[in-house]
Amino acid sequence: MSKAVLHLSEGTEPGFLREVEQEAGTRVSLCYQCGKCAASCPVSFVMDLEPYQVMRLVQLGARDEVLRSRTIWLCASCTACSERCPREVDVAATMDALRALARRSGYRPAEAQVALFHGIFLDNVRDTGRLHELGLMVRYKLRSGDLFSDLDVGLPMMRHGKLKPTPHRIRGVEQLRVLFARVRAREAAAVRQSTGADRESEAAAGGRPEKGGEGR
Amino acid sequence: MKRIGVFLCHCGSNIAGTVDIDRLQEAVRRMPGVVYVEQNKYTCSEPGQEQIRKGIKEHRLDRVVVAACSPRMHENTFRRTVESAGLNPYLLEIANVREHCSWVHKDREEATAKAVDLVRRAVAKVVFNRPLQKARIPVEKRALVIGGGIAGIQAALDIADAGHEVWLVEKEPSIGGRMAQLDKTFPTLDCSLCILTPKMVDVAQHPNIRLLTYSQVENVGGYVGNFEVTIRKRARSVDESKCTGCGSCWAKCPHKVPSEFDLGLGQRKVIYVPFPQAVPNKPVIDREHCVYFKTGKCRVCERFCPAGAIDFTQEDELITERFGAIVAATGFDLFDHARYGEYGAGQDPDIISGLHFERLVNASGPTEGKIKRPSDGKVPRSVAFITCVGSRDDHKGISYCSRVCCMYTAKHAILLSEKVPGCRSYVFYMDMRTPGKGYEEFYKRSQEMGTQYVRGRVARIYREGDHLVVQGEDTLLGRKVLVEADMVVLATGITPRRDAGELARTLGISYDQYAFFNEAHPKLRPVETNTAGIYLAGACQGPKDIPDAVAQASGAAAKVTAMFSKDTLTADPLIATVNEAICSGCLWCKPICPYRAIDEKIITERVRGRTVSRRVATVNAGLCQGCGACTVACRDGAMNLLGFSNEQVLAEVEALCR
Amino acid sequence: MKYAYFPGCSLSGTAREYERSTRAVARVLGLELEEIPDWSCCGATSAHATDKLLSLALPARSLARADEMGLDVVAPCAACFNRLRTTVHAVRSDRKVRQEVEEVLGQPYAACSDAYALPDVIVNRHGLDNIVPHLKKSLGGLKVACYYGCLLVRPSAVTAFDDPEDPQTMDRLVRALGGEPVVWPAKTECCGASLSITRTRVVWQLAAQILTAAQKAGAEAIVVACPFCQSNLDMRQVQAQKWSGRRWNIPVYYFTQLLGVALGLPPGELGLESHFVDPLGVLRQKALV
């Protein structure tokens with residue numbers, strides 16, 4: 001966790017907690033930082049913030065610090081945290097909500113690769129209706145520059161017919177295109193709503209913090 | 001026309017800060033029947049009360065309304081005030097403009113308007129108030145204490161010492177309860193039985209106490225001062241008058257079963273006393289497991305009993321007795337950690353509860369006080385303690401703090417380091433709660449003795465070969481931690497007795513969502529229930545440690561002796577009455593009454609010159625608590641709650657709807 | 001029994017052998033699987049990590065088709081099952097969610113059909129009693145670690161067919177097949193599937209922990225019911241061995257493959273040729289192939 005002083009009275013956004021709770025559909029305010037989420041988390045060892053620290057920062061309204069964190073992108077959505085939480089906070093859903101908020105608020109994802117992967121995955125689904133695994137991998141490798149990993153397993157997979165060379169295009173692909181467009185339109189509307197007039201003026205005055213995660 | 005006086009209280013700024021009292025006074029002045037209005041800074045103060053008395057005399061008031069705080073606060077005060085001025089105390093009404101208005105509103109305009117409505121309601125009602133007289137009922141000066149743990153023992157001794165007869169009923173073969181199962185007690189590390197047994201012996205020897213063990217309350221009838229209770233005294237199969245407690249029978253009995261007292265860690269005979277210091281020191285035969293009762297053969301105990309006390313033919317006995325007061329002291333059960341799948345679901349023998357640990361350290365326990373883990377008898381080199389198991393966990397349905405686990409875990413860590421030097425101990429905790437005399441110092445002592453405290457809840461415990469792995473988080477570091485432990489002790493929380501709800505219904509007292517018995521008021525009436533004459537002691541009311549349980553027991557005993565200091569009781573006249581002329585005798589009211597106060601009776605009357613009999617409802621004035629459920633159920637409108645009669649309530653509704 | 005079958009994208013690619021063995025086993029057991037016509041991807045983690053509505057609308061498209069078929073859905077892939085069931089649950093329990101889903105979907109969706117996981121359908125719904133009579137071979141005491149991972153059992157309020165901490169569905173199957181399910185602590189630990197491509201080392205580490213736990217428990221094989229679990233424990237096992245210097249060499253089967261072996265089906269029909277860790281050696285030892 002950043003060791004900078006957290007100015008609770010000025011440096012935080014009290015409305016952030018409610019925003020997250022609404023998006024996630026769970027009561028983050030109930031978290032009492034017992035740590036059972038982190039103790040359950042299989043990937044906490046690569047996280048910059050422990051899950052309950054994310055919950056704490058949300059409670060305090062430390063919007064910027066939360067949305068910049070790697071943790072929200074590294075969450076593997078295994079839901080062990082949500083399953084065991086003694087206060088019944090859906091921690092995994094909160095991570096989903098924070099990713100969505102980070103995207104909508106224009107934050108550069110602290111784990112760029114993860115976000116890139118999700119984006120390519122969904123484009124792939126939008127275009128053909130079903131995921132084409134080979135297409136996803138090739139596209140991801142080209143865009144991420146990570147060209148050579150997994151070559152050892154790629155060839156045997158080809159040999160076993162585990163990587164289909166061509167995608168299957170479903171008949172209802174137009175319905176999916178419209179579906180994606182409608183979701184995007186709703187998202188855009190949500191962005192307009194959350195970045196209301198006050199924030200825009202703040203940004204114009206240069207008061208808005210520069211966004212983006214730290215490098216890898 | 002009635003002459004009504006209205007007294008408006010400011011309650012400092014509590015009411016006047018939000019309600020405009022001058023405007024309220026103007027509005028009240030114009031209400032029908034109101035002949036006098038005045039305001040006071042504090043109406044409950046002596047000068048405030050004097051103003052009421054003066055008002056009654058000078059303005060010949062025959063009805064009084066006080067607009068102030070909740071009637072739960074000062075209704076009795078003002079009833080006595082009007083009584084001292086010569087009015088019947090029930091010709092008073094309270095308009096609650098504090099809790100119902102000024103405290104819950106911010107807008108002065110709206111609060112004032114609401115205060116006017118509330119006073120108008122009271123004025124409309126008081127017109128129909130009638131003088132009521134308190135009834136007097138006799139008191140049976142004999143108390144029943146249910147439960148022979150430390151709370152029940154203390155309550156029984158205190159009442160008995162005050163010179164009253166007490167019956168103490170205990171379900172198990174011996175008194176002593178949970179405290180008898182403990183090894184040492186925090187924060188002084190007194191040996192639990194060493195301080196408990198003198199009290200147990202006092203009970204056995206007290207001339208005013210009649211002790212019924214292996215017995216249960218089966219039915220409770222009657223009402224405050226006059227309860228009629230049926231007790232089932234289960235067949236012991238041992239004649240207590242002959243038995244000397246020599247122990248030959250349980251020494252010779254050839255059959256063993258897991259001991260309930262040792263939570264299955266040790267064994268007992270089928271004829272047994274639960275523990276060596278049992279009171280009474282007379283065994284019972286566990287008929288479910290006794291070979292003679294199953295096959296008709298054996299009778300070894302009978303052969304070896306020098307007193308001829310074994311009696312296989314004994315039967316359960318039903319005893320009915322009258323009591324003036326009842327103290328419920330039925331104690332608690334431990335949360336069953338089988339509900340924690342992540343902590344082994346109760347399947348691993350080396351994951352035990354705190355009470356199991358008490359039996360393991362106790363010199364008269366199954367290991368004779370040597371701490372050995374249950375699976376293979378190995379002395380542990382590393383033990384993890386986990387608090388808040390079945391406490392503060394909404395996911396497992398228990399939101400409350402069990403109050404004792406932090407402390408008993410500190411105690412376990414201390415006892416462990418004394419008994420197994422060099423054994424490493426880890427305590428996983430969320431918050432250390434040590435709000436008692438000497439408690440924080442005790443916690444510090446366990447830290448000084450080398451206990452490693454880790455702040456964080458454990459995610460899971462799993463077995464890896466010979467040992468257990470505890471996977472937790474140190475939230476103070478923000479790092480995941482693993483502990484390899486030979487044994488894990490779960491500080492399981494306190495829950496109500498499994499049959500608490502059933503007993504509450506038998507007694508006619510209320511209980512909360514968990515089945516802890518409800519006190520009448522959480523702060524000001526902590527030992528009374530809402531049912532007059534029934535009191536609470538110990539953990540049946542909520543989690544408690546020993547000092548708190550003892551204090552509450554003495555409090556309950558004081559309430560009982562205060563009641564027994566009078567020969568008769570005055571009964572509140574605000575009870576239901578039947579208008580027999582219009583009662584159709586349908587008795588819908590009967591099953592609805594939570595106090596079983598309604599019965600049927602046959603009346604005879606003359607109809608057009610002929611004598612006919614018919615059935616009507618009748619209310620037992622001693623049992624009725626004035627809840628009003630029957631008046632709502634009554635289809636004929638024949639049931640009326642005095643002080644809240646149908647015409648009074650309708651007048652209030654009309655006043656509010658105006 | 002007849003179900004609307006949602007194979008999911010992996011089953012025509014990386015999890016081909018799951019598809020083949022599922023079809024083969026279903027045929028022998030008399031379980032009718034009617035593929036949902038023109039089904040589309042459930043969106044997997046990428047959808048719910050991006051947008052909640054999208055993550056519900058994508059499965060809803062296929063589920064609406066199952067509603068038209070009037071059949072409950074079965075999904076062999078644990079991830080698909082989880083997304084499908086989450087959607088059914090969300091649409092049923094919140095009117096507003098249903099309205100939003102229908103709006104972006106452009107068609108009504110009432111969530112009539114239920115969604116079930118394949119092991120639940122075969123072991124619990126079809127039932128062991130209907131399997132045992134068909135068995136031709138016994139697994140001969142083969143020590144098997146049943147690995148459920150996360151998506152099959154969590155969140156339990158949604159998945160609702162087995163214990164989230166100590167699930168038993170596949171264990172009961174293995175026992176019925178003559179195998180010996182081992183007691184082991186990593187049954188429902190996560191393999192890190194969603195980070196498999198982007199943070200491969202994390203997955204190596206998680207796979208290493210799971211494989212080590214299985215090894216310590218004496219398992220000769222692992223069974224799974226999820227394409228991601230399979231590839232992370234099988235394909236990545238080979239990589240993790242190189243990376244960590246440890247050796248496990250534990251074959252990882254889809255539960256349908258082991259079931260198929262016990263039903264006497266030839267290895268070719270069960271896709272047993274396309275594993276990374278040799279799946280046949282252990283089976284040969286028990287004279288199963």
Side-chain angles (χ1 to χ4, degrees), chain A residues 23 25 42-43 45-46 73-80 82-83 90 92-93 95-97 99-100 103 111 113-114 116-119 121-122 125 129-134 136-137 140 144 149-150 152-153 156-157 160-164 168 170-173 175-176 178-180 182-183 186-187, chain C residues 9-10 12-17 38-41 43-55 57-58 61 100 103-107 149-151 153-157 164-165 188-195 197-200 202 205-206 209 235-236 238-239 242 271 273-276:
Chain A
E23 179 75 26
V43 291
F45 68 98
V46 284
W73 296 100
L74 289 171
C75 165
S77 306
C78 79
T79 66
S82 306
E83 184 70 46
D90 192 339
M95 296 296 177
D96 277 346
R99 283 186 277 238
R103 258 170 37 82
E111 287 284 328
Q113 313 271 65
V114 176
L116 176 66
F117 175 82
H118 292 325
F121 186 108
L122 292 176
V125 172
R130 290 185 196 164
L131 180 71
H132 179 232
E133 290 165 315
L134 183 62
L136 168 70
M137 282 189 223
Y140 173 76
S144 66
S149 66
D150 281 344
D152 55 336
V153 290
M157 283 177 87
H160 291 314
K162 288 189 148 201
L163 289 175
K164 240 177 33 169
H168 174 98
I170 65 163
R171 289 192 303 278
V173 89
Q175 186 187 10
L176 275 189
V178 174
L179 187 155
F180 271 87
R182 284 182 180 142
V183 170
R186 275 167 176 267
E187 258 193 359
Chain C
C9 307
S10 304
S12 57
T14 45
R16 264 180 85 218
E17 64 270 39
D38 208 41
W39 58 269
S40 49
C41 173
T45 304
S46 293
H48 75 80
T50 306
D51 188 281
K52 189 172 176 178
L53 182 55
L54 182 65
S55 77
L58 284 175
R61 184 181 169 275
E100 285 176 345
E103 269 171 37
V104 298
L105 199 59
Q107 71 177 98
C150 355
L151 298 173
V153 291
R154 285 193 300 258
S156 59
E165 300 290 349
T188 62
E189 290 297 284
C190 173
C191 70
S194 64
L195 301 171
I197 306 293
T198 51
R199 280 283 209 146
T200 311
V202 170
Q205 173 142 356
L206 297 181
Q209 287 166 6
M235 178 181 92
R236 301 235 178 264
V238 180
Q239 295 175 325
K242 275 188 215 146
E273 71 290 343
S274 51
H275 286 222
F276 280 78

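Just so we're on the same page: letters track the sequence lines, and every chain starts at 1.
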Revision key, fill the gap. All heavy atoms of A:Phe121 vs all of C:Gly43, minimum pair found to be CE2-O, 3.6 Å

Point to revise | A:His160 side chain near C:Glu17 side chain, heavy-atom distance below 4.5 Å | key: no

Exercise for review: Please state whether the side chain, the backbone, both or neither of C:Gln209 comes within less than 4.5 Å of a heavy atom of chain A.
Suggested key: neither

Practice item. Check whether C:Leu206 gets within reach of chain A through its side chain, its backbone, both or neither, counting any heavy atom under 4.5 Å. Key: side chain

Check your understanding: Is there a donor-acceptor pair under 3.5 Å between the side chain of A:Arg103 and the backbone N or O of C:Asp51?
Key -> no

Check your understanding: Under a 4.5 Å cut-off applied to non-hydrogen side-chain atoms, are C:Leu58 and A:Phe180 in contact?
Key -> yes

**Study point:** Side-chain (A:Glu83) to main-chain (C:Ser156) donor-acceptor, under 3.5 angstrom
**Key:** yes

Practice item. Could you look at A:Thr79 and say if it's the side chain, the backbone, both or neither that has a heavy atom under 4.5 Å from chain C? Key: both

Exercise for review: Apply side chain to side chain contact (heavy atoms under 4.5 Å, CB included) to the pair A:Val153 and C:Val238, showing each step before the final yes or no.
Suggested key: CA-CA 9 Å; A:Val153 290; C:Val238 180; 5.7 Å; no

**Study point:** Contact class of A:Val114 relative to chain C, heavy atoms under 4.5 angstrom
**Key:** both

Point to revise | Check ion pair A:Glu23-C:Lys52 (N to O, under 4.0 angstrom) | key: no

Practice item. Taking all non-hydrogen atoms of both residues into account, name the closest pair between C:Leu151 and A:Ser77 and its distance. Key: CD2-O, 4.2 Å

Review point. Can any side-chain N or O of A:Arg171 pair as donor or acceptor with the backbone N or O of C:Asp38 at less than 3.5 Å?
Key: no

Practice item. Sort A:Asp90 into side chain, backbone, both or neither according to what part of it lies under 4.5 angstrom from a heavy atom of chain C. Key: neither

Revision key, fill the gap. By salt bridge (charged side-chain N to carboxylate O under 4.0 Å, His left out), A:Asp96 pairs with (sequence neighbours left out) A:Arg99

Practice item. Select one option (side chain, backbone, both, neither) describing which atoms of A:Val125 are under 4.5 Å from chain C's heavy atoms. Key: side chain

Point to revise | Engaged part of C:Pro155 at the chain A interface, taking heavy atoms whose separation is under 4.5 Å | key: both

Revision key, fill the gap. Assert top hit (heavy-atom pairs under 4.5 Å, partner chain C, pool A:Arg186, A:Met137, A:His168, A:Glu187) equals A:Arg186

Exercise for review: Could you look at C:Ser55 and say if it's the side chain, the backbone, both or neither that has a heavy atom under 4.5 Å from chain A?
Suggested key: neither

Check your understanding: Which residue out of C:Gly106, C:Cys190, C:Ala49, C:Cys150 racks up the most heavy-atom pairs below 4.5 Å with chain A?
Key -> C:Ala49

Review point. So which part of C:Leu195 gets closer than 4.5 Å to some heavy atom of chain A, the side chain, the backbone, both or neither?
Key: side chain

Review point. Which residue out of A:Leu163, A:Leu74, A:Leu136, A:Leu116 racks up the most heavy-atom pairs below 4.5 Å with chain C?
Key: A:Leu74

Review point. Which heavy-atom pair separates C:Glu103 from A:Arg182 by the least distance, and what is that distance?
Key: O-NH1, 3.2 Å

Review point. Got a donor-acceptor contact below 3.5 angstrom from the A:Glu133 side chain to the C:Thr14 backbone?
Key: yes

Review point. So how far is it from A:Lys162 NZ to C:Ser12 OG, rounded to the nearest 0.5 Å?
Key: 12.5 Å

Exercise for review: Output, in order, the C-alpha distance, side-chain angles, deciding distance and verdict of side chain to side chain contact (heavy atoms under 4.5 Å, CB included) for C:Arg16 and A:Lys164.
Suggested key: CA-CA 10 Å; C:Arg16 264 180 85 218; A:Lys164 240 177 33 169; over 6 Å; no

Review point. Minimum heavy-atom separation for C:Lys242 to A:Asp152, with atom names?
Key: NZ-OD2, 4.0 Å

Study note, to complete from the structure: Checked C:Thr200, C:Leu54, C:Leu53 vs chain A; the most non-hydrogen pairs under 4.5 Å come from C:Leu54

Study note, to complete from the structure: Pair count under 4.5 Å, heavy atoms only, with chain A: among C:Gln205, C:Glu273, C:Gln107, C:His275, highest is C:Gln205

Review point. For the residue pair A:Asp150 and C:Arg236, what are the closest heavy atoms and their distance?
Key: OD1-NH1, 2.8 Å

Review point. So, C:Ser46 and A:His118: side-chain donor and acceptor under 3.5 Å apart, yes or no?
Key: yes

Exercise for review: Return yes if some donor-acceptor pair links the side-chain N/O of A:Arg130 with the main-chain N/O of C:Trp39 below 3.5 Å, else return no.
Suggested key: yes

Review point. At their closest point, which heavy atom of C:Met235 faces which heavy atom of A:Met157, and how far apart are they?
Key: SD-SD, 3.5 Å

Exercise for review: Tell me, with the steps shown, if C:Val202 and A:Phe45 meet side chain to side chain contact (heavy atoms under 4.5 Å, CB included).
Suggested key: CA-CA 9 Å; C:Val202 170; A:Phe45 68 98; 4.1 Å; yes

Review point. Among all residues two or more places apart in sequence or in another chain, which pass the salt bridge (charged side-chain N to carboxylate O under 4.0 Å, His left out) test with C:Arg154?
Key: none

**Study point:** Modelled atom types, side-chain donor and acceptor of C:Arg61 and A:Gln175, under 3.5 Å
**Key:** yes

